[in-house]
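Each remark here refers to the structure printed beneath this line.
Counting starts at 1 for both ligands and their atoms, in listed order.
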Amino acid sequence: MLRQYPYKYIDRSRFYRIAELDDEDTYVQIIGEVTEWHTIGIGRAQRLSATFFDGTHQCELVWFKGVQYVKLQKGIKYLLFGKPSRFQHIYNFVHPELTPMSKVTPEMTQGLEPYYNTTEKMKRHGLNSKVMRTIIAEMMPDLKMGVPDTIGADILQKYRLMGLTDALVNVHFPKDTPSMQNARARLKFEELFYVQLQLLRQLKRRELNLGFAMPMVGARFHALYKALPFELTNAQKRVIREIHEDLKAGHQMNRLLQGDVGSGKTLVALLCCLLAIDNGYQTCIMAPTEILANQHYETLKAFLAPLGDAVHVALLTGSTTAKNRVPIHNGLLNGTIHILIGTHALLEDDVQWQNLGFVVIDEQHRFGVAQRAKLWTKNRRVAGAGEAMPDCPPHILVMTATPIPRTLAMTVYGDLSVSVIDELPPGRKPVQTIHYNIERRAQVYSFVRKQIEEGRQVYVVYPLIKENEKLDLQDLQNGFNELCEAFPEYKISMVHGQMKAADKDLQMQRFASGETKILVATTVIEVGVNVPNATVMMIQNAERFGLSQLHQLRGRVGRGGDQSYCILLTDNEISSDTRKRMNIMVETNDGFRIAEADLQLRGPGDMQGTLQSGTPFELHIANLATDGQLVAVARQAALEILDQDPLLEDEMNRIYKRRLDTLRIEAHNWSDIS
Ligand code: ADP
Ligand code: MG
């Protein structure tokens with residue numbers, strides 16, 4: 001009960017006059033008398049309506065439920081408490097609390113009153129916010145005798161945090177606003193601190209893990225490096241060095257590679273695979289969709305063409321036939337396949353390797369931590385296969401083009417080391433973004449026609465709107481038909497999630513080869529598709545997309561040397577939030593700025609869900625979206641402890657170890673239930 005924190009407080013020390021009320025007020029309390037009342041209707045439809053008078057003005061009180069329990073009396077003073085709403089000139093209170101002044105205790109009107117979230121089910125069983133408050137209030141005398149703290153005195157002192165007993169007392173029944181804020185800050189810190197302690201302990205523990213040592217920079221790596229038609233950017237070089245440092249160290253790498261769309265992550269991944277292969281290991285690249293896996297396969301084969309058959313690449317996806325799987329399974333087991341590219345299919349049990357040493361996971365937000373863990377157990381120890389390999393997990397490189405604000409990355413990817421490609425290949429012209437409302441479609445079409453006449457290609461993307469695949473498909477089909485009518489002289493491709501993989505591939509292929517000039521698609525093309533000749537990204541119903549999704553889509557153009565354009569089409573009438581989103585897209589191409597803006601606009605609630613999936617424990621009071629500052633502090637505090645004692649074995653760190661164990665057990669139970 002004590003760890004169920006209030007979600008808001010109402011200042012009960014303030015008394016209002018009816019004349020002061022305005023439409024902004026939430027809960028208020030007023031002293032006055034009930035001057036008149038009457039009931040309307042009978043039985044269940046009965047309602048009670050009363051007039052309340054504070055000496056100068058009147059308001060109205062209404063009860064729909066439990067009318068028979070409401071006992072009113074004239075000529076005595078009441079304390080009215082409730083939420084006013086205004087109808088014409090009269091304020092009214094529906095189901096207010098009405099307490100005779102003779103029964104009002106000083107505690108009731110002292111300081112901040114806590115409000116608790118309860119579920120429908122709790123309410124049905126009589127456990128509403130008020131009852132919660134009563135129960136917790138009864139626990140206060142016991143609580144005040146003191147509970148053992150979950151944070152050591154040194155940290156409390158260093159970061160000026162309230163002790164646990166004080167914090168629990170003041171989070172529920174704060175003396176005043178500053179104590180409430182201090183109590184909440186302490187409890188938020190505690191949550192974030194344990195999240196960081198858990199993540200960083202995992203990271204530290206893995207740093208102690210043995211990993212395959214890959215010290216050599218070998219022939220294949222050098223051969224590709226020399227054959228590249230361009231110079232690597234400095235950022236790419238730096239990241240490859242960082243990864244190579246990890247590979248040399250003999251410990252298992254878990255690294256996140258962040259880089260905006262088009263920053264050249266795929267090539268970095270490939271070069272790192274070659275590092276591993278030159279040291280005698282196999283590698284794999286796991287992509288979230290089949291289209292993307294295919295694209296990676298084609299891209300890698302093209303890059304590797306100058307190397308002849310020195311590197312053997314295979315592709316395994318859900319649509320690989322049983323017959324075609326046999327040689328792949330064999331090639332993995334006998335070590336002849338160097339790079340396997342694929343989707344979730346790579347995780348299937350019958351995919352077994354001789355010596356998988358390096359794993360790349362592209363666009364990781366779609367893969368869970370559990371799936372990552374599965375890749376650890378893929379090497380088959382073949383009896384008599386020569387020298388025994390050390391029994392350790394492969395190195396893991398997670399790539400994401402979804403920038404997230406730094407403080408959040410600390411939590412969402414808190415157990416990974418981070419590399420950033422913060423530079424685009426030279427010669428790219430920033431994509432120009434334009435926001436039009438749909439009525440200017442004709443103008444947009446004529447612009448598109450011009451681009452196609454100049455030899456360029458165009459994406460047209462439709463959102464998933466109706467959460468109903470059939471209807472969405474209908475929208476897409478209508479859009480496709482409309483474009484066919486508008487551009488009768490050009491061939492148009494269409495891809496969507498419901499198509500057979502082979503058909504999808506065919507259409508993508510036609511677009512990639514330039515045969516079709518326009519590709520109409522749902523967001524299946526969001527990640528990874530690479531057609532440098534495409535210069536226009538036209539997004540229909542752009543108001544339906546989140547900022548980071550829009551940014552991802554825009555990243556599909558601007559990949560060649562030509563000026564590219566992103567056209568955001570929205571309805572005529574859009575909300576102010578949508579307008580803000582469109583303006584940000586028009587203003588900046590910087591993924592990190594967009595991520596920050598996304599966080600501000602979508603607000604904590606919306607982000608929390610997404611972000612939570614990255615935290616080891618549920619957060620009850622801290623909020624990753626708004627408490628970023630505190631995340632950094634908590635991480636710092638956790639690091640100070642773990643730097644001294646990575647596994648929390650010291651006697652003086654026992655409280656941390658114990659608390660972590662408790663939290664883990666709770667988290668585990670909850671995830672089982674959910
Ligand atoms: P990401 O996966 O990070 O979005 P890609 O790996 O798809 O980016 O790279 C985008 C494009 O840039 C590809 O066509 C790739 O071949 C090209 N590219 C990568 N590195 C460089 C570089 N250093 N110079 C020029 N072009 C590059
Ligand atoms: Mg990519």
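Looking at Pro426, Gly264, Gly560 and measuring to atom 19 (C) of ligand 1, the nearest heavy atom belongs to Gly264. Closest heavy-atom approach to atom 2 (O) of ligand 1 among the candidates Leu424, Thr266, Leu228: Thr266.
In this structure, the side chains of Thr400 and Leu257 stay at 4.5 Å or more apart for every pair of heavy atoms. Side-chain contact between Thr433 and Arg554 is present, with at least one heavy-atom pair separated by less than 4.5 Å. Contact check for Ile285 versus Val359: no side-chain heavy atoms found under the 4.5 Å cut-off. Counting heavy atoms from C-beta outward, Asn533 and Arg456 have side chains that approach closer than 4.5 Å.
Here the CE-CG distance, from Met253 to Leu397, works out to 5.0 Å after rounding to the nearest 0.5 Å.
Shown here are the side-chain contact (heavy atoms from CB on, under 4.5 Å) partners of Ala542, two or more places apart in sequence or in another chain: Ile539, Leu550, Leu568, Thr570, Met582.
Using a 4.0 Å cutoff on heavy atoms, Gly259 does not count as a contact of ligand 1.
Atom numbering of ligand 1 starts at 1 in the shown order; those under 4.0 Å from a heavy atom of Gln236 are 19 (C), 20 (N), 22 (C), 23 (N). If you number the atoms of ligand 1 from 1 as listed, the ones under 4.0 Å from a heavy atom of Leu232 come out as 23 (N). The atoms of ligand 1 that sit less than 4.0 Å from any heavy atom of Arg428 are 10 (C), 11 (C), 12 (O), 17 (C). The Pro425 neighbourhood of ligand 1 comprises atoms 21 (C), 22 (C), 24 (N), 25 (C), 26 (N), 27 (C), with distances under 4.0 Å to a heavy atom of that residue. Within ligand 1, the atoms closer than 4.0 Å to a non-hydrogen atom of Glu231 are 22 (C), 23 (N), 24 (N), numbered from 1 in the order shown. Here is the list of ligand 1 atoms found below 4.0 Å of a heavy atom in Thr233: 23 (N). Every atom of ligand 1 is numbered from 1 in the order shown, and the set under 4.0 Å from a heavy atom of Phe303 is 16 (O).
Here Asp260 has backbone heavy atoms under 4.0 Å from ligand 1, and that is the only part of it that gets that close. At a heavy-atom distance under 4.0 Å, no atom of Met399 approaches ligand 1.
Using a distance-only test at 3.5 Å, with no hydrogens or angles considered, no donor-acceptor pair links the side chain of Arg559 to the main chain of Arg428.
Between Glu231 and Lys237 there is a salt bridge, since at least one side-chain N of the basic residue sits less than 4.0 Å from a carboxylate O of the acidic one. Checked for salt-bridge contact, Glu242 and Arg238 meet the test: a charged N lies under 4.0 Å from a carboxylate O.
Checked against a 3.5 angstrom limit, the closest N/O atoms of Gly262 and ligand 1 fall inside it.
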